[in-house]
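Report on the following structure.
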Amino acid sequence: MPLNLPNVLSLTSQVSQVCEVLGMDGSSIRVDITPSGGLSFDESSEQSCGIRLVRNGRTGVAGATSMVDTALLVEMAIASSRIGPEENLQLPATIETGEVELFDSVLEKIEVTGLSDRLLHLKEVLNELSPYAMVAGFLKLSRKRISLINSCGASGDYLKYLLEWKLRFSFPTGEGFFITGSSAASGRDIFDPESLAREAAELATWAKSTTTPPDSNQATVFYPAAVSVLLQAIRAGVSGRSLVNGSSPLTGHVGSAVLSPHVSIWDRPTMDYGASSAPFDSEGVATRDKPLFEKGVFKGFLFDLVTAAAAGTSSTGSAGRNLFQRPEPVTTNLAFERGCENAAQIIGSIRSGLLVTDILSGEGGNTSTGDFVFDSCNAFRISDGEVSGRIPGTLIRGNVYDLLKSANSISDSLSASGTDLLPHIRTDGVTIG
Amino acid sequence: MYPLDVNFLDSLRDAARRLTGSTSADFLEIRLEESKSLDVVYKGRNLSNNSPFIETGGLVRALVNGAWGTCSFTEPDRIVGAAETAVRLASTVDGPMGTTLPSMKPEHDLFYPPSIEGLADVPMREKVFLCRRYCDLLGASGKDVSAMVHYSETSRTKSVINSIGTDILERESLCGIRFEAAGGSWNIHVSRNLAHRGGFEFIRHRENIIEEMAGEIDTLGTAETVKPGLTPVVLDPELAGILVHEAFGHLSEADFQEENPLIKDVLPRGKRVASEIVTIVDDATHYRCPGSCAWDDEGTRGRRTVLVSKGMIVARLHSIETAGRSGEQLTGNGRAGGFFASPDPRMTCTYCEPGQGSMDDLLHRMGSGLYLRGALGGATDMDNFTFTSGAAWTVRDGKLSRPLNPVTISGKVFDVLGSVAGLANDLRLCSGIGGCSKRGHRYLPVSYGGPHMFLRSIQAG
């Protein structure tokens, strides 16, 4: 029987001091393309629900998809609360929402053949640029209604459409093959086959020859996709959960210059059409855009209700949640402030250095300290302002905070990467080898 | 934790039989799943997560004129509509897409493997208290040690019914535990990650592991950082297994080869890709290993497939789709990362077969180099690979010498297996919580392993 949120709340309220119920009702259409140009089509629907309750002063959670009996779900949450943490949880009595355009209505009209046409056009454009290149991956349009009600009287819901893709391009080279990828998501149609094909083909042209790495500790330019991987440590470091647990390297540094003055980063949950945008967070607190770093100065942590209470402050509307877990503070859409030079100018300013376009995200990153060791799967040498060849199998190591502290140029344009808007960054804090 | 409601699935399976028996599609498959999961995370004295989750759903796959259409659902009354949608989507694709079915025969089975201590029979409270006890012991194992314990369990029932006549039901219980300890300034990081297919008895009495980790923390307090460069190494079975999984295993998945035809061209049958002492298998019949299965997610029996025999390629891993396209036989490797996902060719339990001699024999042969033990993880982009050891030592005159901080090794996928110069006789199969992710789908449980392995030369840094 499909889960009925008011019924779930009613039953849960009878056995708890306070409780909240978060529901998701969604559907999606998706088209996959294989390297040979074959297509497969998928539609899906999903209903799911998560409970959080406080009982005898302890918090419990449970989650399920729609086929589960309501009483069983509540029973699971009660069992969880018996050994759950004692938390100071004050749920809001009303849901006040931030102003945000969640999606472009154009997305509502896209059908599965519209997605397949876009992918076939991408393949066509790609093969005009590089006859033997291949593309594989998917393009997906999803629709979700998020609903939240709690025992204090708060109730709210919103509808989102999201267009997302994850693609892999393969180009034959003289020595084997070159692979690069693209992934992003947005509440509007930003899928641009010409631009995607052109960018991938440009990297493939650079990859036609291989070369040796420059000496260690030289200037390095990171592409947006590589910046996205590096930011994993920042995402963990600015979380109020890390502050409360004592594992954030930013503890005690609010108001301090910890990054380069060229670097300003915002968390933007009210970004129009942002992939992670929402009018309220998963606890019903209104979202708002917040500066995380302003000209290098750390402005503060992100909090949900529990971590805010533990830290003696207020929620920043940053609660994120998988339905089967407790909420925790998360970043949403990270956005840099634009710099002054375009990417070509930044590369052109380097006499000898490294260009990193993709990072192989293995287990080489320590999100507690920011230390990283990555095998940069796509790295190129820069000589006298020009890209002079691909460097196979190079290790790069460093510390994300040190790296962003030595950032000396941010590009004037931002690219969608995952849920973020990220620039090209030039820095000196990377060790090669 | 909570008993599985097989009656619920039974009603849906009846509907699935009717739909697959009367379909107009060339092939129709309905997979139904119900899984119950629990994750418990203790960080120091704080219970940071204890979340139970139940997930039920199904996926209908239809093949029409060589093209696939799929539709997933969570509401039981959607099953008929999902079947119609899958056929409609497959029919929407313009023109034949080239997928044909391999040779398949109908299979029937109900597989309910027993456990000594069923996961549903142990209260959540008891599991949480055991995690807390382990975390307390780990935290007390050294000065300024920060400890984390993560317990994870899943009980899953899957049903696969198709228009060929296959009708299988398999129940599985997986549980595992990961211990992590960081000493002092977080520069020392020691971890262990173990999992098995079976009951809660696997989680009990693991104090010996904590004792082992405490010894390692003491040792690593004086560790140096390795000087980057090319060096001979001896890998322990866990790291050897990661190497096989990352450096070769993914390449043997037939869809990766299809996506990268140049890989297929350089990996034809009979091609030498490793030294002649190397034989690599994927074997789903090690039933206590989480990666293994009696039946894959397409209703094909799990089996042992030799991928590399004495250094030469013998076979690839297939799903129904890739086996059909290639004209090769099914291998029972069609696995899906969630009820909503289509199966892809995925590894199960992949390992290098053992050789002769002992670990000490290999160290003696190597003379000087590195000994690497355990793994913090790894990844590959099909051309290069990288992974980081959990612990490392320099080796001098065939004996372990000075401890090192975790060492990251990397190299070209096609080169590393050719540099295997020795294999010990001590095969060990490993598994942990988490698993392997592909195409952005959920992590699938996998198992890996090997004997101690001597590599002539690898980039370490």
Side-chain angles (χ1 to χ4, degrees), chain A residues 2 34-36 38-48 60-68 72-73 76-77 79-80 82-85 112-113 116 134 136 138 166 168 170 172 176-177 179 245 247 323-326 360-364 366 368-369 373-375 377 392-393 395 397 433, chain B residues 2 8 37 43 46-57 67-76 78 85 89-90 92-93 97-99 124-125 128-129 186 189 228 258-263 340 342 376-379 381-388 408 410-412 439-440 459 461:
Chain A
T34 65
S36 59
L39 301 175
S40 63
F41 293 175
D42 175 79
E43 277 189 28
S44 74
S45 66
E46 180 179 340
Q47 286 185 346
S48 49
V61 295
T65 55
S66 70
M67 294 199 221
V68 172
L72 176 59
L73 182 62
M76 286 160 57
S80 167
R82 289 197 183 106
I83 26 77
V112 70
T113 48
S116 61
M134 292 167 290
F138 69 83
K166 192 174 174 73
R168 181 186 173 96
S170 304
F177 51 90
I179 296 174
N245 288 345
S247 62
L323 287 176
F324 53 92
Q325 289 180 327
R326 286 154 58 201
L360 192 67
S361 148
E363 288 290 335
N366 185 333
S368 298
T369 62
V373 177
F374 291 119
D375 176 351
C377 68
L395 272 169
R397 63 175 72 234
Chain B
Y2 298 95
F8 161 75
S37 307
K43 290 183 181 174
N46 297 318
L47 177 63
S48 96
N49 195 27
N50 65 320
S51 39
F53 187 69
I54 297 179
E55 187 175 69
T56 52
W68 287 105
T70 58
C71 184
S72 67
F73 58 95
T74 56
E75 309 92 278
R78 280 269 306 148
T85 300
L89 289 174
T92 301
V93 181
M97 285 288 124
T99 298
M124 187 193 302
R125 176 190 292 264
V128 171
F129 282 170
W186 285 85
H189 185 203
E258 289 185 354
E259 285 180 16
N260 300 284
L262 289 172
I263 291 182
F340 47 84
S342 291
L376 295 181
D381 69 347
M382 301 301 107
D383 191 16
N384 300 297
F385 69 88
T386 181
F387 35 81
T388 305
T408 296
S410 63
K412 287 196 83 66
R439 300 190 198 288
Q459 173 71 31

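Values in this document were obtained by computation on a predicted structure and should not be read as measured data. All values below were derived from every heavy atom in this structure, side-chain atoms included, with hydrogens, water molecules and symmetry-related copies excluded. We name chains A, B, ... by the order of the sequence lines, and we start the count at 1 in each one.
Shown here for A:Phe41 and B:Thr92, the closest heavy-atom pair between the two residues is CE1-CG2, 3.6 Å. Across every non-hydrogen atom of B:Leu89 and A:Glu43, the tightest pair is CD1-N, 3.6 Å. In terms of heavy atoms, A:Arg326 sits closest to B:Ser48 at NH1-O, 2.8 Å.
For A:Ser116, no part lies under 4.5 angstrom from a heavy atom of chain B. Proximity to chain A (any heavy atom under 4.5 Å) is restricted, for B:Asn46, to the side chain, taken from C-beta onward. In this structure, no portion of B:Ser342 lies under 4.5 Å from any heavy atom of chain A. With a 4.5 angstrom heavy-atom cutoff, B:Arg78 touches chain A only via side-chain atoms. Heavy atoms closer than 4.5 Å to chain B are found in both the backbone and the side chain of A:Val61.
Residues passing the side chain to side chain donor-acceptor pair (under 3.5 Å) test with B:Ser72: none are found, sequence neighbours excluded. Residues satisfying the side chain to side chain donor-acceptor pair (under 3.5 Å) criterion with A:Gln325, sequence neighbours excluded, are A:Asn322.
A distance of 12.5 Å separates CH2 in B:Trp68 from CG in A:Asp42, rounded to the nearest 0.5 Å. The CG atom of B:Leu47 sits 6.5 Å away from the CD1 atom of A:Ile83 when rounded to the nearest 0.5 Å. Taken to the nearest 0.5 Å, the OG atom of A:Ser80 stands 8.5 Å off from the CG atom of B:Asn49. For the atom pair A:Arg82 CZ and B:Met124 CE, the distance stands at 9.0 Å (nearest 0.5 Å).
Of the residues considered (A:Ser40, A:Ser45, A:Gly84, A:Ser44), A:Ser45 shows the highest number of contacts with chain B, using heavy-atom pairs under 4.5 Å.
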